[in-house]
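Here's the structure we're looking at; comments come further down.
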Amino acid sequence: MSNLKIGWAGLGNMGTAMAANLIKAGYDVRVFNRSKDKEKDLIEAGAQSVKDLTELVHSCDIVFTMLSDDNAVKEVYNETNGLLSGENPGKLLIDMSTVAPETSKYLSALCEKHKMNFIEAPVSGSVKPAQDGTLIILVGGTTESYEKAKSLFDVLGKLSLYLGGAGAGSSAKLAINYLLGINIQALAETVLFAEQNGISKENMLAIINEGACGNGIIRLKTPSVINDSYPVAFALKYIVKDLKLAKEAGLSSPLSAPLLNTFSAAMNESGLGDQDLMAVIKHLEKV
Ligand code: NAP
């Protein structure tokens, strides 16, 4: 086992599951979360807690971040009391959050200024693949840093793909989440249309899942739709964030505007932002 010391900042739904896999794989993992209570499970699993971000980066060789959005990532990477506040040349910082390609480029340049290495590595896959270590990891940055991180990515995911320079991983992530949003809204609309005409959710989902239109995300969300229960795996507010980022990155295809409008309304008008994104069906059944 490598004696690399691994830092992890951001222990939400994804970060907790991912860091747990590094601990299980035998790595020396140090954790920091803004709300300290979320560190408890990982400390019990063998991680060490550090008092702040300065200590995290100082005491580790590689530091991962898995945070909600661009503002959170910029705050954690700040030069005053964040990951870039000390002198830590040569260390590798890996951001796995879903952010704008421009934010990844900005972080890369900031790290370069501090003589630190940076790659972005957002993921495709939700909490279950994070727990199972079967995420798909979309890497942008230098090939040298990717090679250094690859054995860790092999623990976190079933596939890591090097896609190009800074911003490339984030661009790929926004594209796949566009397809995710389309799948979820299409599933919701299909089930509601069928129900309006007397076809039960159970029967419609059997037709979808047994046929060529079935796919992984639809199978994953089938129990939620049947039970009308949407425990959060990927919060609806995050697909709104990602569709906005995609729009800012140039997405203007015919389906993109109505998709963003629907999920935004589900969040702002129906108050579903903190539920799973499949809860969009509850918004659509009212419109
Ligand atoms: P989450 O459960 O909401 O966790 C967000 C994390 O960010 C928490 O640890 C939170 O700390 C931290 N955070 C937020 N603002 C912060 C700030 N200003 N300073 C420091 N820490 C801050 O989110 P998640 O579902 O794990 O998702 C994390 C990222 O992965 C997001 O970018 C999301 O789009 C992406 N993603 C999610 C999924 C999924 O299925 N959930 C799948 C793929 C990608 P506190 O605990 O203190 O609030």
Side-chain angles (χ1 to χ4, degrees), residues 7-21 31-42 47 49-54 56-57 63-78 80-85 93-101 103-104 107 120-139 156-160 169-170 172-181 183-184 216-217 220-221 224 230-246 263 267 273-279:
W8 198 288
L11 299 174
N13 293 316
M14 293 295 284
T16 301
M18 294 162 79
N21 282 336
V31 292
F32 174 83
N33 197 64
R34 181 179 60 175
S35 322
K36 296 306 265 181
D37 56 307
K38 291 196 193 153
E39 294 178 358
K40 198 168 153 277
D41 288 351
L42 292 183
S49 174
V50 296
K51 73 172 186 308
D52 54 26
L53 291 164
T54 311
L56 187 70
V57 70
V63 176
F64 288 89
T65 42
M66 190 53 162
L67 302 158
S68 36
D69 56 21
D70 298 59
N71 286 340
V73 175
K74 285 178 181 166
E75 201 174 319
V76 164
Y77 272 71
N78 84 69
T80 312
N81 57 4
L83 294 178
L84 298 177
S85 55
L93 304 183
I94 303 177
D95 182 39
M96 302 194 80
S97 325
T98 304
V99 298
T103 296
S104 296
L107 296 174
E120 91 238 31
V123 301
S124 177
S126 190
V127 173
K128 180 77 168 68
Q131 290 166 339
D132 296 345
T134 56
L135 294 164
I136 298 170
I137 300 171
L138 311 172
V139 183
L156 300 171
K158 65 178 175 188
L159 173 68
S160 65
S170 296
K173 173 61 187 168
L174 296 185
I176 191 64
N177 271 18
Y178 175 50
L179 184 58
L180 170 69
N183 269 278
I184 295 291
I217 189 66
L220 201 64
K221 298 301 179 191
S224 276
Y230 308 95
V232 67
F234 183 50
L236 190 145
K237 65 186 173 192
Y238 289 147
I239 195 74
V240 174
K241 164 189 67 110
D242 297 348
L243 292 170
K244 279 186 185 158
L245 292 177
F263 281 103
M267 179 171 82
D274 288 322
Q275 295 197 34
D276 190 70
L277 82 171
M278 193 65 242

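Atoms within a ligand are numbered from 1 in the order they appear, just like the ligands themselves. Nothing fancy with the numbering, it's 1 onward along the sequence.
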Nearest heavy atom to atom 10 (C) of ligand 1: which of Arg34, Met14, Glu75 does it belong to?
Arg34
As an exercise, state the distance from CZ of Phe32 to OG1 of Thr65, rounded to the nearest 0.5 Å.
12.5 Å
Compute the shortest N/O to N/O distance between Ala235 and ligand 1 and return yes if it is under 3.5 Å, no if not.
no
Taking atom NZ of Lys74 as the centre, report whether more than 12 heavy atoms of other residues, nucleotides or ligands fall under 6.0 Å from it.
yes
Where on Ala233 is there a heavy atom closer than 4.0 Å to ligand 1, on the side chain, on the backbone, on both, or on neither?
backbone
Within the 4.0 Å heavy-atom cut-off, what Met96 brings close to ligand 1 is neither
Report the part of Lys173 (side chain from C-beta onward, or backbone N, CA, C, O) that has a heavy atom under 4.0 Å from ligand 1; answer both or neither where that applies.
side chain
Here the atoms of ligand 1 under 4.0 Å from any heavy atom belonging to Gly125 are 42 (C), 43 (C)
Between Lys241 and ligand 1, does any nitrogen or oxygen pair lie at a separation below 3.5 Å?
yes
Neighbour count above 12 (heavy atom, 6.0 Å) for Lys40 NZ:
no
From CG (Leu156) to CD1 (Ile136), nearest 0.5 Å
13.5 Å
Asp95 and Ser97 side chains, donor-acceptor separation under 3.5 Å
yes
Could you tell me the separation between the OG1 atom of Thr103 and the CD atom of Glu120, rounded to the nearest 0.5 Å?
10.0 Å
From atom 23 (O) of ligand 1, work out which of Tyr238, Trp8, Phe234 has a heavy atom at the shortest distance.
Tyr238
Say whether Asp69, considering both its backbone and side-chain N or O atoms, lies within less than 3.5 Å of an N or O atom on ligand 1.
no
Of the backbone atoms (N, CA, C, O) and the side-chain heavy atoms from C-beta on, which set of Val76 has a member under 4.0 Å from an atom of ligand 1: side chain, backbone, both, or neither?
side chain
The protein heavy atom nearest to atom 21 (N) of ligand 1 is Leu67 CD2, 3.6 Å
So, Asp70 and Lys241, do they make that salt bridge, N to O below 4.0 Å?
no
Just need the protein heavy atom nearest to atom 47 (O) of ligand 1, so name the residue and atom and give the distance.
Ser35 OG, 2.4 Å
Examine distances only and state if a side-chain atom of Asp276 and a backbone atom of Ala235 form a donor-acceptor pair shorter than 3.5 Å.
no
Counting non-hydrogen protein atoms only, what is the nearest one to atom 9 (O) of ligand 1? Give residue, atom name and distance.
Asn33 OD1, 2.7 Å
N/O to N/O below 3.5 Å, does that happen between Asn13 and ligand 1?
yes
Ala9 touching ligand 1 at heavy-atom level, < 4.0 angstrom
no
